[in-house]
Amino acid sequence: MEKLIVLCLKFIILCGTVDAVFEDQVGKFDWRQQYVGKVRFSHFDTHMQSSKKVLLATENNVFAAINTRTGELFWRHVDKAGQEGSIDAFLQHGQDAVLVVGDGRVLRSWDINIGGLNWEIVLDSGSFQSACLVGQQDNVKHVAVLKKTAISLHYLSNGHQKWIENLPESDTVDYQVVYSGGNGEVYALGVVPHSHITIVVYSVEDGEISVEAPWLSDIQASCAVVDQGILTCVDSATVSLYMLDLHVQSQMTQIPLQSLGFEAAPGFHPALVSTQPNPARPPLSEFFLQLGPEHYLLLQLNNGQIVTLRDFKPAMLVSFATTGEKTVAAVMSPKNKTASTLNLFSAETGRRLLDTTLIFNMDPYGGKPEKLHVQAFLKKDDSVGYRVMVQTEDHTLTFIQQPVLNRVHYNTAFILPLRDGLFSMVLKRLSSQFILLQAWVAHLWKLFYDARQPRSQVKNDVTIENLSRDEFNLQKMMVMVTASGKAVTLHNDKLSTSVLSETQFSLCFFSVKLFGIDSKTGSILWRHYLDDIPSNAAFKLIVQRTTAHFPHPPQCTLLIKDKDTGLATLHVFNPIFGKKSHVTPPTMTQPILQSIILPLMDQDYAKVLLLVDDQYKVSAFPSTKNVLQQLQDMASSIYFFLVDSDQGRLSGYRLRTDLSTELIWEVVVPTEVQRIVSVKGKRPNEHVHSQGRVMGDRSVLYKYLNPNLLAVVTESTDLHQERSFIGITLIDGVTGRIFHNAVQRKARGPVHVVHSENWVVYEYWNTKSRRNEFSVIELYEGMELYNSTVFSSLDRPHAPQVLQQSYIFPSSISAMEATLTEKGITSRHLLIGLPSGGILSLPKMFLDPRRPEIVSEQIREENLILYAPELPIRTEWFINYNQSVSGVRGIYTAPSGLESTCLVVAYGLDIYQTRVYPSKQFDVLKDDYDYMLISSVLFALFFATMISKRLAEVKLLNRAWR
Amino acid sequence: MARLLPFNIAVVSTVFLFVCTKSVCCNNGRRVGDALDTEFSGFSVPLEHSFEVDDVAKFRVRGALLLKAGREPSVLLNQNQLSEEDRTKLKEVAAVDGLYRIQVPRVFLLADRQTERQMEGYLTAFVRACAMVESHLSDSITLHTDVSGYLIGVSIVTLPGACRGTEVEDEVDLEVFNTTLHVMPPVNATGPGTAWFIERMEQESEKKSKNPQEQKSFFAKYWYLILGGAIFLMASNSAQPPAGGGREQS
């Protein structure tokens, strides 16, 4: 009987959390945006004339096809994250796309029409160098893969290995390039740095070494094969071109650029761009020589003589494109500040083709063009038309088609920089005053719109019109900072390019209308590209003023910090329109250690941002007299802490009235044993509704709600599976008092932590049992509260009771966050991003250290679930049903105006936004609620009481007369 | 008893905590230079304190911590009395709401030699000076160590902890420290209780198997259903018209 009751209880609890999505609700309250990442390789689908497909292989290990007309994804394949799934090479022939994945681990062939896998083979181990298609007699049947020590040839049709040969002297020679000119021979080009080039020639049929030709040469810098197998190299030291016929092994001929009448820009490394339209034929004899950042030359190799076809100066980007027998060169040259022109030139003659000029308008807030991809095609009148894909620094692709002149922007990357664990995103609340702002905006917009009537196609501006506050504050502004600051070496032919760091900073708006039939699903309202961002920048986004203070515009501040030097800059802007604010941020000459947002406000209602520099001096922004006065008054109650994970030091400081600081506590974790991996405080906007938990016997167990509590997670430096451990320490951020110091033995990171209310949940990898485990720590004051009116860290002598319990979780996780609601009445759920792309909403009730092992009357009274070591994953807990979110890096939650509703954004490669109702929609009436019936019943009752009252009075009167 | 049941884990962890904690009462009022207990062969590090009106830390010796190295580190504290001068100063600091800080050097408790024990730097903590005065110098100091025996932090609290502004009249109250000292090694966090859960499952299945009603075989349990089904089948077979059979044969 007992068991039955418990079972029923469980059932009821589980039923309470079941929250299904009906088919007609799909996409009503949520949206998903899929991205591909920063493009590394791209090819237009050229085998069909009318194809509008472009194939992209990206840094985020994504292989995708995009519609050039609409910018939509045809299909997308996301490989494993990190080095294991990185795409090293991308070759395309006809309908097949051949990829080398994971540093030469796997060779894959995809069908580009449907995105299906043709075949996949595992290659022999060895570090990947280069790959090329090998053709013979106008047929391309093989693909050659060059590795550090071996070269192998595979059939294009099924991937089987035809032969593999070890490369001679591979320990000294660095083989870098494989080349085939369509004559049945494969050339592997290697270099001994500062010494000589080695060329090994293999015959396609049997793979026999036919000749080996070592000879002295200069450093191989950037080379290209042009014409009938002429290896052409350019050297910046001697400012000359070197030429070598691969078939006739002779001395390298040196041609100084000066003898040709060229002058390279000082300090610039010249580069070569050549083209080989068909792998079964040798490359063209025309090639580009880049002499300066904006200087290109179109050259032709004619019987060993270099002929200059055309000089392009200034030219930003160049590219070759081939259609049929015609090869054209596309050149992008700057026109003015916001636009550049694109022209086609005949590759053979260097003549400009008529009617091929395109204007490319650059977004003033976007990045500069970075790469140019051109697809040429023959029109009916035999003239050449072309499509262009321009890749800009802010990870945007722009497609321009010449005859139709339509352009499509496509954002490739939206990767958020969460390596540093700083909050990079803020969900901003549009408060009640927004209606005022909206009226004002509408007015401004009207003026603005009338002024520029003809150009109404700009999508971004239209949505601003629809900015309006909805009934329940479900409409929020979302600010996102994206970055991918990586130096990448590209293996495209013989050119090694270093892509400098770039950062895109953009702001999105999503209007999730309550009755949203045509809801604007996550469209980007504006974007702003910030240049001069250091490659290893850390970001922190701070809301200084919300929209509640009309007529002051809302204000956000982005703190950009160079991780190496510690120097920081501030970017202050209006989050609604993205405009840079008139407020001039202070210039900081000292490295910044910490930034703190205070609840203090200046006379303009902007919250005060404190910046602590490396001299432990504090500066305030805004730093008006009013603010400084307030700071002086409050100084003795402002405490902050600094974490130095390199030295394992946590130190607490107190502010003095002269804005200097004093060290008040110090905790040092020896770095020889363990290192601090994360320090988690509580969310400042978190509300806890109930102070305690009512127990089965009607007594109250009070929660220990210390807003200054920090959860410090450490990982052992010893990674041996028997000795590794993770440590969790709970420290008061004001006094530095350690409340709880525990170690989880035989455990390893990565550790995901959520710290909220009176609990800390963390997830780790158990090395002994080889499984993921969750552990929950809850803190209680006990049966009575020490000081129920106000909490002060300085006056809490009793340490809290610590309860802990652990569970097995059947999956690894990639991100974790807790739901957050306006008043904290709604029960909490944990949102867990799984590597499979699902987002699981796990009730906190399952992670409760008071889950008992034995049933008793009081347990039943308290609604506790019996302890089971394994946490279940139920399919109905996935909040994103079939909308998988690839590569989840983080989840952000924000409260809405409705207590029952919490807004969730999961981000990573994709962005997914939805609402969750942890306790179901207890404060919302159903859609089919019968207002008519209830109001008519009310009215009827009201009138009935009135009438009966009157009747009763009459009756009483009559009785009195009697 | 019933009330304690939900606290099962609480009790376990608390007990564990107490087991781990070496609670040591300290010898108050002794000079640092006094002869130490001979059987207590450890090493001593200074416990320093600072309380200044201008809040610029100037640490002076408050006492000596006698640490006994070994697997289970224990600690003794010898403390000086507060001098007349210090007492007035402490009261002055308390009046301006200054801080009373303590610091101990970073030490490694498990090392054998003195040279290996000391490390660079100090660990500091503080309480409000007024709390120190109002609690009549009764404080509780906890030394936290990590897994390998390094001292990672020190905490100090006074009992009572509040500053109510009550005047401490008697000078004698501020003479002698009344200190409780703990050394707190990290607690081992519990893993999932699988062994216990499996045991419970086994017990349940055992109970089930012992139950005579469930031990019966399938036929014994459902004989009436099977019989009923069989009769029904037979009845329906016999009721079948012979014409059907004829069709089958043809």
Side-chain angles (χ1 to χ4, degrees), chain A residues 636 649 654 656 662-670 672-674 695-697 699 716 725 727-729 731 735-738 740-745 766 769 773 775 777 780 787 794-797 801-808 849-850 852-854 856-859 862 864 867-870, chain B residues 2-3 5-10 13-14 17 55-57 97 99 101 103 106 108 119 121-128 131 135 140 142 144-163 184-198 200 204:
Chain A
S636 63
R649 190 182 299 273
R654 184 163 80 153
R656 289 188 182 173
E662 55 178 334
L663 179 73
I664 48 174
W665 59 264
E666 217 172 3
V667 166
V668 187
V669 182
E672 303 92 76
V673 184
Q674 49 192 337
M695 316 270 288
D697 58 356
S699 62
S716 63
F725 64 90
I728 186 130
T729 313
I731 297 183
T735 62
R737 190 175 166 199
I738 298 175
H740 183 65
N741 182 16
V743 287
Q744 197 88 45
R745 291 190 190 270
N766 186 330
S769 311
E773 289 179 5
S775 196
I777 297 175
Y780 290 98
N787 179 355
L794 297 169
D795 177 21
R796 277 281 139 149
Q801 291 174 9
V802 180
L803 310 184
Q804 184 163 21
Q805 216 170 50
S806 301
Y807 314 89
I808 302 161
R850 299 187 61 252
E853 293 172 353
I854 308 150
S856 75
E857 192 61 44
Q858 285 181 353
I859 298 307
E862 232 189 299
L864 290 175
Y867 179 76
E870 188 167 350
Chain B
R3 196 180 145 184
L5 269 174
F7 275 102
N8 226 337
I9 304 128
S13 64
T14 320
L17 218 113
D55 255 350
V56 178
D97 197 16
L99 303 182
R101 304 143 187 267
Q103 77 169 20
R106 290 177 62 198
F108 181 40
M119 282 181 297
Y122 287 92
L123 304 168
T124 51
F126 75 99
V127 282
R128 290 160 80 187
S135 65
S140 160
T142 314
H144 298 270
T145 66
D146 74 351
V147 204
S148 46
Y150 287 100
L151 211 57
I152 59 162
V154 57
S155 356
I156 176 169
V157 280
T158 59
L159 275 166
C163 277
M184 197 88 96
V187 181
N188 272 330
T190 52
T194 39
W196 168 86
F197 188 75
I198 290 165
R200 198 182 71 178
E204 253 167 45

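Residue numbering restarts at 1 for every chain, and letters A, B, ... go by the order of the sequence lines.
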Nearest 0.5 Å, please: how far is CD in A/Glu666 from CD in B/Gln103?
9.0 Å
Nearest heavy atoms of A/Val667 and B/Gly153, plus distance in Å
CG2-CA, 4.3 Å
Which pair of non-hydrogen atoms, one from A/Ala742 and one from B/Ala189, has the smallest distance, and what is that distance?
CB-CB, 4.4 Å
To the nearest 0.5 Å, tell me how far A/Phe725 CZ sits from B/Asp146 CG.
6.5 Å
Name the region of A/Glu672, side chain, backbone, both or neither, that has any atom closer than 4.5 Å to a heavy atom of chain B.
side chain
For B/Thr158, is it the side chain, the backbone, both or neither that has a heavy atom under 4.5 Å from a heavy atom of chain A?
backbone
Which bit of A/Val673 is near chain B, if near means a heavy-atom gap under 4.5 Å: side chain, backbone, both or neither?
side chain
Those residues that, when tested against A/Arg737, pass salt bridge (charged side-chain N to carboxylate O under 4.0 Å, His left out) (two or more places apart)
none
Quick one: what part of A/Tyr780 sits under 4.5 Å from any heavy atom of chain B, side chain, backbone, both or neither?
neither
Taken in chain and number order and not counting sequence neighbours, the residues that satisfy salt bridge (charged side-chain N to carboxylate O under 4.0 Å, His left out) with B/Arg128 are B/Asp97
So do A/Ile664 and B/Leu99 actually touch side chain to side chain, heavy atoms under 4.5 Å?
yes
With a 4.5 Å cut-off on heavy-atom pairs, point out which of A/Ile738, A/Asp795, A/Asn766 contacts chain B the most.
A/Ile738
Does B/Arg101 pair with A/Glu662 as a salt bridge, N-O distance under 4.0 Å?
yes
With a 4.5 angstrom heavy-atom cut-off, which part of B/Leu151 approaches chain A: side chain, backbone, both or neither?
backbone
Over all atoms of both residues, closest heavy-atom pair of B/Ile152 and A/Val669:
CG2-CA, 4.1 Å
Can you name the nearest heavy-atom pair linking A/Pro869 to B/Thr194, along with the distance?
CB-CG2, 3.9 Å
For the student: nearest non-hydrogen atoms of A/Tyr867 and B/Gly193, plus distance
OH-N, 3.1 Å
Would you compute the distance between atom NE2 of A/His740 and atom CE of B/Met184 and round it to the nearest 0.5 angstrom?
9.5 Å
Are side-chain heavy atoms of A/Trp665 and B/Ile156 found at a separation under 4.5 Å?
no
Shorter than 4.5 Å, heavy atoms on both sides: which option in B/Trp196, B/Tyr122, B/Tyr150 has the most such pairs with chain A?
B/Trp196
Ignoring hydrogens and angles, tell me if any N or O in the side chain of A/Asn741 forms a donor-acceptor pair with the backbone of B/Val187 under 3.5 Å.
no
Part of A/Glu857 within contact of chain B (heavy atom distance under 4.5 Å)
neither
A/Val668 side chain reached by B/Leu123 side chain, heavy atoms, under 4.5 Å:
yes
If you compare all heavy atoms of A/Gln805 against all heavy atoms of B/Thr190, which two are closest, and at what distance to 0.1 Å?
CA-OG1, 4.3 Å
